[in-house]
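Data block below; observations after.
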Amino acid sequence: MKSSWAWACVATFSLGGAAMASACSSPKSVFDPGSDAGGDSAAIDDTGVSFIDALADKDSGKPGTCDTSCTTAGGTCVAGVCTIIDNPGNVDPTIQAKLKAGGTSDAQFAWLYPYDKTIFPRGLLPPSMQFGGSSATAEYVHLTSPTLDYQGFYSTKTGPLAFALTAKAWSAITNAVGAKDALKVEITKQLGLSITGPISETWGVAQGSLRGTIYYETYDSQLAGGLGSVGIMKIKPGTAAPPVVIKSGCGNVCHTASADGSTLVASTSLGTSSSYDLKNNASTIMAQGDESFTYGGIYPNGSILMSSTHYRTWFPGNVSRLYDVKTGSVIPAPGWDGVIKNGGTPAFSPDGKRLAFVREDATQGHSLGLFDFDFSTKKFTNQQLLATDNSFFLAWPAFTPDNKWVVYHAGSNAQFETDANAIGDLFVADVATHTSHRLDALDGYTANGNYLPANDPALSFAPTVLPEAVGGYFWVVFTSHRSYGNTLPSKDNNDVYGKLWVAALDANGASGADLSHPAFYLDGQETKADNLRGFWVLDPCKQDGASCASGDECCNGFCRGGADGGLVCVPPPGGCSNEFEKCTQAADCCNPADQCINGHCAFIPN
């Protein structure tokens with residue numbers, strides 16, 4: 001909850017300073033622990049070797065062939081290599097020749113965004129490539145991999161240099177690049193008689209498209225009402241449609257969502273909360289007369305939640321309890337009741353067998369606790385300390401789809417944010433060994449400092465993880481106050497506005513190592529708004545007979561050819577399961593290289 005929401009609501013809710021601070025909003029504290037926020041190894045290998053080795057070992061298509069998107073983009077396919085000559089900027093052939101020859105006129109010409117060694121999934125909008133130095137009137141883009149040769153000529157007229165490839169070209173490029181292949185991106189620009197470049201980066205392409213929907217809080221959104229507005233919105237990665245407002249008006253924030261996409265809970269005022277049915281236009285399921293649903297940790301199927309206490313919720317004296325989301329009644333929870341008083345920002349694992357939470361009572365927010373959980377008995381057992389940091393506040397635990405890792409925030413602010421000059425980074429903890437490591441590549445660090453153009457690491461918080469592996473990776477969405485190329489400055493709007501970013505995590509990473517890759521900006525969100533705390537969930541499943549693209553969209557877990565030739569959800573057909581279809585063990589999957597992760601077949605490289 002942002003302090004701006006408190007100002008917007010102060011006329012309606014006169015709770016006084018102490019009560020306001022205990023609710024979903026409070027003033028920000030400032031703490032300067034020094035220049036290093038933790039971590040002990042570099043995520044970025046300047047040689048590039050680790051980047052290539054980290055790419056998933058999976059082919060993008062049959063040998064010697066190209067995806068149909070190659071010809072759709074105007075390309076040709078010869079021996080499995082897609083070649084595209086593109087001129088959307090209508091650049092004169094004479095200028096094209098000069099751009100290809102290169103030059104060194106602008107010493108300040110440099111990449112600002114995307115970051116070197118970013119892993120992009122398929123199915124996204126083309127990223128905006130942004131640069132330092134002078135503007136340009138024409139650009140030459142050359143992208144190459146063993147299966148791709150793209151040459152594009154673009155033209156920009158005014159302002160800082162920023163442009164994107166065409167959607168058809170980007171689709172063809174990401175479909176052409178193989179899992180183990182590095183995509184080399186070279187840019188040369190022209191301004192008047194001056195030519196500069198090429199400058200280059202290397203990216204990777206995950207062999208799959210992101211799933212699900214991200215529900216996030218927004219402030220000052222034009223879609224939600226403009227300056228002073230608050231609300232909850234949803235966005236689907238890769239869509240060109242604008243975000244959709246789910247709830248708006250004072251108090252409709254401080255939310256969480258269930259992994260299956262069926263249920264959302266949120267604050268409705270300073271003192272009340274509700275649960276909503278995401279399968280039925282976010283209609284109200286239960287309106288609570290207190291804050292028991294605010295930031296509640298929802299079980300994956302949306303049926304129950306563990307209340308989040310002490311962190312900006314609840315008034316003094318209340319404790320964390322297990323609740324029925326439909327009725328609002330308290331559920332007895334042996335092993336938890338009488339043991340844990342205040343559990344902050346709790347989160348169930350995707351399989352529902354564990355709960356991670358902030359130890360607000362025992363360590364005042366400086367550690368994460370972990371319990372085993374039995375849904376049938378509602379019993380909590382095997383209490384553990386997952387992570388501890390005496391210098392920083394820990395919060396926002398989020399499990400990976402295989403239930404083996406917990407991504408979390410460690411920062412200087414007791415309110416678990418990184419605005420108002422607070423700092424914070426994301427870490428990952430191994431559930432088995434309790435070993436933690438900073439996500440250096442995601443957070444922006446290198447062995448010698450950081451790679452962020454604005455020199456602004458330590459501004460990240462509130463991670464959640466897509467509850468399914470895609471393209472050989474896990475995917476985390478988080479909020480950051482870092483700069484976005486030359487489009488948005490660091491600590492935008494006096495360090496009030498944050499934005500949603502996404503990064504790939506290695507699904508087969510080693511304990512004690514950095515699992516992450518550099519992040520990319522989530523296109524489609526509003527730039528002139530504060531967007532934060534994205535909760536990434538799968539979409540509600542479809543019944544048999546509904547159209548589908550893969551089995552994870554179907555309630556029965558299988559998507560096969562229907563009578564009309566299209567793909568539809570079907571009952572279990574027998575035999576093995578395709579990627580993204582339902583499984584209980586790896587042996588259920590058709591591909592011997594697949595693993596069964598969170599009930600779906602997923603390709604994970606060795």
Side-chain angles (χ1 to χ4, degrees), residues 55-91 114 118-129 139-154 163-187 201-212 236-241 469-473 475 502 504 520-524 547-553 559 561 565-567 578-580 591 602-603:
L55 294 176
D57 184 13
K58 184 181 179 186
D59 293 332
S60 59
K62 296 180 180 179
T65 66
C66 298
D67 188 82
T68 56
S69 58
C70 178
T71 54
T72 300
T76 58
C77 180
V78 178
V81 177
C82 177
T83 300
I84 303 173
I85 308 297
D86 202 8
N87 189 14
N90 294 315
V91 177
T118 298
I119 302 291
F120 286 104
R122 292 169 174 164
L124 293 182
L125 299 174
S128 171
M129 296 182 290
E139 302 85 39
Y140 172 49
V141 184
H142 193 198
L143 294 92
T144 54
S145 80
T147 52
L148 173 75
D149 187 350
Y150 174 85
Q151 299 179 49
F153 298 91
Y154 290 77
F163 67 99
L165 304 179
T166 65
K168 288 183 179 180
W170 182 243
S171 177
I173 290 163
T174 54
N175 281 306
V177 178
K180 296 181 86 172
D181 298 337
L183 175 62
K184 186 175 182 180
V185 186
E186 298 176 286
I187 308 292
E201 285 192 342
T202 302
W203 305 339
V205 176
Q207 310 292 288
S209 298
L210 297 180
R211 272 103 168 111
K236 294 184 70 65
T239 182
V470 173
Y473 298 92
W475 300 90
V502 175
F520 58 85
Y521 179 86
L522 183 61
D523 285 311
S547 62
C548 57
S550 54
D552 53 351
E553 299 178 9
C559 179
L567 294 174
N578 298 318
E579 187 177 20
F580 301 119
N591 186 344
F603 180 86

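Position 1 is the first residue of the sequence, and the numbers go up from there.
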**Asked** At what distance, to the nearest 0.5 angstrom, does OG1 of T144 lie from CG of D149?
**Response** 7.0 Å
**Message:** Could you measure the distance from the CD1 atom of I84 to the CD1 atom of I173? Nearest 0.5 Å is fine.
**Reply:** 6.0 Å
Among residues at least two apart in sequence or on other chains, which ones pass side-chain hydrogen bond (donor to acceptor under 3.5 Å, both in side chains) with [X]?
X    : answer
S550 : R211, D552
S69  : D67, N175
D523 : none
K236 : T213, D539

Identify the two heavy atoms, one from [X] and one from [Y], that lie closest to each other, and give their separation to 0.1 Å.
X    : Y    : value
G471 : A206 : O-CB, 4.0 Å
C559 : G551 : CB-N, 3.5 Å
P114 : S128 : CD-O, 4.1 Å
L165 : M129 : CD2-CE, 3.8 Å
S145 : D181 : CB-CB, 4.4 Å
A469 : A602 : CB-CB, 3.9 Å

**Item:** With E186 via salt bridge (charged side-chain N to carboxylate O under 4.0 Å, His left out) - residues at least two apart
**Value:** K184
**Item:** Contacts of type salt bridge (charged side-chain N to carboxylate O under 4.0 Å, His left out), residue E553, not counting sequence neighbours
**Value:** K542
[X] (side chain) donor-acceptor with [Y] (main chain) under 3.5 angstrom:
X    : Y    : answer
T174 : S171 : yes
W475 : L210 : no
T118 : W203 : no
Q207 : V205 : yes

**Complete:** Sequence neighbours excluded, the answer for ring pair (Phe, Tyr, Trp, His ring centres under 6.0 Å) partners of Y140 is H142, F153
**Prompt:** How would you list, by chain and number, every residue that makes a ring pair (Phe, Tyr, Trp, His ring centres under 6.0 Å) with F580, sequence neighbours excluded?
**Reply:** none
**Request:** May I ask you to check whether Y150 and W170 place their ring centres under 6.0 Å from each other?
**Result:** no
Test item: [X] and [Y] side chains (from C-beta on) under 4.5 Å apart, heavy atoms:
X    : Y    : answer
L183 : T202 : no
R122 : L124 : no
F120 : P127 : yes

**Request:** Name all residues meeting the side-chain contact (heavy atoms from CB on, under 4.5 Å) criterion together with P88; count only those two or more places apart in sequence or in a different chain, and write none if there are none.
**Result:**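 Testing P88 for side-chain contact (heavy atoms from CB on, under 4.5 Å), a comparison that skips the adjacent residues, returns D86, Y154, T166.
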Enumerate donor-acceptor pairs with a distance under 3.5 Å from any side-chain N or O in residues 71-83 to protein atoms, sequence neighbours excluded.
residue : atom : partner : partner atom : Å
T71     : OG1  : T68     : O            : 3.0
T72     : OG1  : T68     : O            : 3.1

